[in-house]
Every structure is written in C-alpha cells, then in structure tokens.
Amino acid sequence: MAKLKELFTVKDNGPKDKITGLIVLFLYTAGIIFITSFHELWFDETQAWLIAKSASYKEIFTYIPHYEGHPPLWHLILAVFAKNGAPVEFTLKAINTVFCVTAMAILIFRSPFPKIVKYLLPFTFFFFYQYGVLSRPYSIAMIVFFLLAITYKDRNRHPWRYILVLTLLCLVSAFGIMLAGGLCIVWTVEIIAELIRNKKLKFFWKDMRFYSLCFILVTAVVLILMIIPADDCYYAGIDNNITFKEKILDYAYYEYLAAMPFENWSGLLMGSMGMQDVPPLEIAEVVCGLMTWAGLIAFAAKNKKFFTFFLPYFFMTGFMSFKYVSVHHLGLGALFHIFIFWIILEENGHIAVPEFIKKMNAKMTSPFIKKFVIGAGALICAAPVIYSCIASVSEIRKNVGLSCLAKTIKENHLENTKIMILWDVEYEDEEEDDDEAFDQYMFKKLEIPSAHQEITGNNTYLMGGAAMIQPFFDKNIFMNYNSDCPDDLYMHYKYKEDTEKIFELWREKGLPDFIIGYCPIDEVYDEKELEGVKYLPIELVEYVQICKTGSHSSYVYMYMREDLFDDYPQFEWINDQKGNVYERKPQNDSSGN
C-alpha cells in the first residue's frame, strides 16, 4: 500500500530531473521530426490547408464552419502562411511540431505527475502519432488542456486567466465547447453555493467571475451558431435513417459509451480496422471500459472532483457515442483525464485512493495474483506507447497520402491536360459498403469504361483524392473538381446537388485524357461519345489509413486514354500488381509497349 501512495504523491523536481526532462523533450522532438519526414499528408491535413489557401476570410468565418464542423481557429492560423505562398508540407509539419513540443514542455516541466508518468505520456499513441505526426488543431488542444490545469487552481482569484483558456478550448474544437460548457456549469454552481454560504448572492453582479462566465457564454453561443451544419452538409451518417429514439434503444451505441474511457488510451474497438467485428474483443472492451468508468468516477469522487469530471466528460462521450466520433477525437478524452488528475494533484499534493481499491489491494495475498494484476496493468499502460511505435513504423514503410500521384503529374507535365478524378458513388449492392470487398471489386477494373453495379447516387462534390493531390499545385488541375466553383481548391462537404447540371459542366470539357481512381464515366457520357474509347491503367498506388495496431490499405489506379500512348511513351499499360490471374488483353502499337 505504501508503493500505491507513493505513486499518487507529488515530488519536487531537482536539477537532475530538469536535465532528464530536457532529454525526454529532445527525444520527443527528434522522434516527431524523424517520423514526419516520412509522413505523406492525409486528407484532413490537406483539406485544412486548401481552405486556408483559397477560401476568403469571410468564408472561413461564415461558410466553412457550417461544413467542417469546428471553429475556424486552425484555418486562420494556416491562412497566414498558405495565403502567402508557403510550401504546404514543410509549413504544416513545422507549425504542428512547434505546438506539440510546446505542449510536451509544459507537461514535462509543469505537471505534478510522477516522473515515469510525465516521461512516458509524450510517447503515447495520441500525443505522439495522432497529434504529433498528423497536423491537426489537436496539437493546440494539448497546450490548452495543460494551461487549463495550471490556471484551474487560481480560477476564483484570477477568473479571466481560466476563462480565456477555456475560450481557447472552445475555439479549437466543437468537443472543446462541450467540455468547456460542462466545466463552466460546475463552476457556476460552485460560485452560487459559495455566495449563498457567505450571504452575498445579491451582490453577484460585483463578482468578476460572473462577467467572465458571461463572456464565455456569449462566445460559445456564437461559435455554436457558426458550426451548426448546413442543410446540404455531408457528414458521417447523414444517409443513416436511424432516428434518435432507435439509437437510444440500440445496445450497440451503449457499447461505445461503455468502452469510451478505455478507448481514450488502450482500447481497440474504434482504433483499429477490422477489430470491431470480433465478439470477444467487444466484450473485453466493454468490461475494461466499465471498469475504467468505475475507476475514474471513484477517484474523482474520493478527491471531491466528481461533477468536475463526470458532467463535461459525459457530455462529450455521449455525443461521440450517439452522434459522431472519429479515431483522432478520442485523444481529447485522454487529455481530459490528464487534466482531472493534474488539478487533483495540484490542489492536494496527492491523489486519495478510493476505499474499494484499498480493500482489493489488501485482499490480494496470493503472489501469483499480484504478479498477474501488475503484469496486466503494466501491459494496458504500455499499450498506448506500443501503438505509437506500430503506427510510426507503418508511417516509415507505407504511403499514407497520394502525393506520389502529384509527383507523377508534375514530372510528366500533365497539369494542363484534362484529368478526371473519382467522386463519391453509391452502389446498389450494400455489400460494397465493406471497404475490403469494395477495394477488391475496384481492383479488378483494369480498364474504363467497364461493367459495374447499378449506381443509386452520385456525390460529385465529395472528392477526397482531389483534396490530397491539389495542395501541390497553385490552380485546380482536375476537370471535374468543383466544376461550378473551380477557384475553390478545397473539397465541399455537400450532398444535395443537381447532378445532371454538374455532369453537363464536365461534358462541356470533353473526354478526359487521364483518370485517377475508378470513375464510372458511362454515367456522364453517352454511348456515342464513348464508342471505341478505352482508358488503361498506367500507375497503381497503394495507400493506407494507419490505426493503433496496423493499417488499412486502399488502391487507386491512374488511367490514360488509349490513343495518347504515342504522345506519352514514358507510360505503359500495367497489369495487375498483386499477381491475381487476369488475362492480359492484346496490345497494339499505340499501347506504348
């Protein structure tokens, strides 16, 4: 029990600890720079840059938030550089690295945690890979949460410091608004209770805390109005007809809610491709999640921070479970956990251990059980660092984005040719919703046009591939990308459209010279226009989406119209690169072989 108390007690840092801290910070910085040197920009990163580059400041404030779903702070920061011609890769990575290193410096040198905790936290999956290697506004969120913990203790003496940091949290993310709202509600109740005890409630208007809370309330309302989704905004689940009542009665959503605090650190249910359909894993996740919920609530209650923890965290996790969440959002929960334990240590100098944990520890008399519990606990705690290592190795070994296709276009001077890129298509067969089945199906498309399943819908604005390639060019290089607003280099999250009107704009430009990704061009052009026309693959790109325990591969072909092989002798028709048995079609002299 003495060791347990020692773990939850603040210790003073001597000069040697500062040197060790600098070494840890150097290793973190060097690691981020090294891994990001291999990193290819993913859609979320390039989309933000394209918005910063081509959207006006008015649009960034009034239009973009309704489609992007978060406040404009990140876009405004990037706009300073993007609108002045800064190179996309170096600038994005440099900005993100500066924010991450700043956050980790605060954690290492200002947090009250034991050395082993604050020296390992920077290398966990979210703080190293998701928020360190990938350039997103969550690098700012790390700084904000740590500053929030620092200002919390003196929030009643210096309310504006605390409120301004909470306001910054609102500006970073929509989830930040939820957490800040929960914290402000709890603080408001605490202030009212204090004023009632001191019989000063009628003088509340003299309290600066009241004005600071009014300030953040107004700010939050404005931000919420800014990010309310537009009627034609496309987001995950927009085509899902499940009502809220049906969700409430569906146990699957409660699985996510139960597993959420474990997912914030060591879980795999939402953080790894293909793991969601493994029943034993789901059961284990829910059990571990419920245990984590119980532990967090018990520690918060024992240290008189129950409502400070539960209300904001429940707001956020409830929204994530029943409305919308992506893997990178889960790290916000981990940051909030750190915040809670940080403020407890700052106020008390130690973390009081709940009675039931003391009793459980006292009852564990068997050496074998103790070793098992310690080993299992160590593995769970080490898992986030292991995930970080796995993800980093995947970054080094595999392609994450489509910058290689941008390189192909530049090296072969194809910018001024007619390039069509794949758009989001809805097929009749629901089995094609399975990513692996979809990739295998599309992988068989060795030429265009070819037979495909019946198409039930075309979302012509949704072109994630275009958004990943476009940042490397100063103008729109795709004939079908934002064809009604070609100066907008970012992808519009729109799903309500006049498809035929958009197709007509494409037809006016004629047949494409090159096609990236499988495009069902028979949806756009009639049989007469396509008579005798054939597009053959000249390059195959495999790119991955990295998760905690591995990666999920996708494949994209680049095609060229058959009659252009004489004009571009450097290209040739490639066959299936995976060794599948497909007969090689006869080639003529124009094939380039």
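Note: hydrogens, waters and symmetry copies are ignored here, and every other heavy atom, side chains too, is used. None of these values were measured; they are calculated from a predicted model.
Side-chain N or O atoms of Tyr555 include none that pairs as donor or acceptor with a backbone N or O of Tyr543 at under 3.5 Å. Gln47 places a side-chain N or O within 3.5 Å of a backbone atom of Met491 that can act as its donor or acceptor partner. With Tyr493 contributing its side chain and Leu462 its backbone, the two residues share no donor-acceptor pair below 3.5 Å. A distance-only check finds a donor-acceptor pair linking the side chain of Lys93 to the backbone of Thr36 [under 3.5 Å]. For Thr46 (side chain) and Ala467 (main-chain N/O), a donor-acceptor pair under 3.5 Å exists by modelled atom type. Proximity of a side-chain donor or acceptor of Asn412 to a complementary backbone N or O of Thr408 within less than 3.5 Å is detected. Side-chain N or O atoms of Lys83 include one that pairs as donor or acceptor with a backbone N or O of Ala55 at under 3.5 Å. Judged by distance alone, the side chain of Lys418 and the main-chain N or O of Lys509 form a donor-acceptor pair under 3.5 Å. In this structure a side-chain-to-backbone donor-acceptor pair under 3.5 Å is present from Thr417 to Leu414. Remark: side-chain polar atoms of Asp526 are paired, donor with acceptor, to backbone N or O of Lys528 under 3.5 angstrom.
Side-chain contact of Asp232 with Tyr67: a donor-acceptor pair under 3.5 Å is present, judged by distance alone. If you check the side chains of Trp506 and Ser483, you find a donor sitting under 3.5 Å from an acceptor. Counting only N and O atoms by type, the side chains of His492 and Tyr63 include a donor and acceptor under 3.5 Å apart. The closest side-chain donor-acceptor pair between Asp484 and Tyr461 falls under 3.5 angstrom. Of the N and O atoms on the side chains of Ser551 and Lys398, at least one donor lies less than 3.5 Å from an acceptor on the other residue. At a cut-off of 3.5 Å, with distance as the only test, a side-chain donor of His39 or Glu45 sits close to an acceptor on the other residue. Checking Tyr313 against Asn264 by side-chain atom types alone, a donor-acceptor pair falls below 3.5 Å. A side-chain N or O of Glu395 and one of Tyr129 form a donor-acceptor pair less than 3.5 Å apart. Using a 3.5 Å distance cut-off with no hydrogens or angles, the side chains of Thr499 and Asn458 do not pair a donor with an acceptor. For the residue pair Asn459 and Glu426, a side-chain donor N or O sits within less than 3.5 Å of a side-chain acceptor on the partner.
Heavy-atom minimum distance, Gly267 versus Glu285: CA-OE2, 2.9 Å. Ala103 and Met142 make their closest contact through CB-CB, 3.6 Å (heavy atoms, listed as atom of the first residue, atom of the second, distance). Between Val98 and Thr102, the shortest heavy-atom distance links the atoms O-OG1, 2.7 Å. Considering all non-hydrogen atoms of both residues, Trp49 and Ala86 come closest at CZ2-O, 3.3 Å. For the pair Lys475 and Leu489, the tightest heavy-atom approach, listed with the atom from each and the gap, is C-CD2, 4.1 Å.
For Tyr253 and Tyr256, the gap between ring centers reaches or exceeds 6.0 Å.
Within a 6.0 Å sphere centred on CZ of Phe38, heavy atoms belonging to other residues, nucleotides or ligands number more than 12. Around atom CZ of Phe90, no more than 12 heavy atoms belonging to other residues, nucleotides or ligands sit under 6.0 Å away. Residue Glu527 places its CD atom among 12 or fewer non-hydrogen atoms of other residues, nucleotides or ligands, all under 6.0 Å distant. Summarising the local packing, CZ of Phe61 is surrounded by 12 or fewer heavy atoms from other residues, nucleotides or ligands at distances under 6.0 Å. Within 6.0 Å of CD on Glu531 lie no more than 12 heavy atoms contributed by other residues, nucleotides or ligands. For Asp474, the CG atom is loosely surrounded, since the number of other residues' heavy atoms within 6.0 Å does not exceed 12.
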Is there a salt bridge (charged side-chain N to carboxylate O under 4.0 Å, His left out) between Glu504 and Lys501? Walk through the geometry before answering. CA-CA 5 Å; Glu504 182 58 35; Lys501 180 181 177 182; over 6 Å; no
Start with the C-alpha gap between Phe336 and Leu183, add the side-chain angles, then the distance that decides, and say whether side chain to side chain contact (heavy atoms under 4.5 Å, CB included) holds. CA-CA 11 Å; Phe336 191 69; Leu183 289 170; 4.3 Å; yes
Going through the distances and angles, do Phe322 and Tyr254 end up as a ring-ring contact (aromatic ring centres under 6.0 Å, His included)? CA-CA 8 Å; Phe322 288 91; Tyr254 292 95; 5.2 Å; yes
Would Ser54 and Asp488 count as a side-chain hydrogen bond (donor to acceptor under 3.5 Å, both in side chains) if you check the C-alpha gap in whole Å, the side-chain angles of each, and the deciding distance to 0.1 Å? CA-CA 6 Å; Ser54 64; Asp488 293 345; 5.2 Å; no
Verdict with supporting geometry, Phe478 and Gln470, side chain to side chain contact (heavy atoms under 4.5 Å, CB included): CA-CA 9 Å; Phe478 299 106; Gln470 191 59 61; 3.6 Å; yes
Would Leu268 and Phe262 satisfy side chain to side chain contact (heavy atoms under 4.5 Å, CB included), going step by step from the backbone distance to the final call? CA-CA 9 Å; Leu268 294 172; Phe262 191 63; over 6 Å; no
Evaluation steps, side chain to side chain contact (heavy atoms under 4.5 Å, CB included), between Glu542 and Asn399: CA-CA 7 Å; Glu542 178 182 0; Asn399 294 327; 5.9 Å; no
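A tilted orientation is assigned to the rings of His70 and His75, their planes being inclined by 30° to 60°.
By the 4.5 Å heavy-atom criterion applied to side chains, Lys548 and Pro384 are not counted as neighbours. Residues Pro471 and Leu41 form no side-chain contact, since every pair of their non-hydrogen atoms from C-beta on lies 4.5 Å or further apart. When side chains are defined from C-beta on, Thr124 does not count as touching Ser388, because their heavy atoms never get closer than 4.5 Å. Ile216 places a side-chain heavy atom less than 4.5 Å from the side chain of Cys184. Contact of the Pro71 side chain with the Val172 side chain is not registered, since no non-hydrogen atoms from C-beta on lie closer than 4.5 Å. With contacts defined as side-chain heavy-atom distances shorter than 4.5 Å, the pair Ile51/Trp74 does not qualify. Counting heavy atoms from C-beta on, the side chains of Ile77 and Val80 never come closer than 4.5 Å. A heavy-atom distance below 4.5 Å is not found between the side chains of Leu169 and Phe175.
From Asn96, atom CG reaches atom CD1 of Ile140 across 8.5 Å, with rounding to the nearest 0.5 Å. In this structure, OG on Ser139 lies 10.0 Å from CD1 on Ile32, to the nearest 0.5 angstrom.
Cation-pi geometry between Lys410 and Phe473 is met: the NZ or CZ atom falls under 6.0 Å from the ring centre, inside 45° of the normal. The cationic atom of Lys53 (NZ for Lys, CZ for Arg) does not lie both less than 6.0 Å from the six-membered ring centre of Phe81 and within 45° of the ring axis.
Each of Asn480, Ile516, Ile448 was checked for a side chain to side chain contact (heavy atoms under 4.5 Å, CB included) with Met420, and the lone residue meeting it is Asn480. Checking each of Tyr518, Phe571, Tyr557 against Pro537 for a side chain to side chain contact (heavy atoms under 4.5 Å, CB included) leaves exactly one that passes, namely Tyr557. Tested against Met320 for a side chain to side chain contact (heavy atoms under 4.5 Å, CB included), the candidates His329, Glu263, Met178 yield a single pass: His329.
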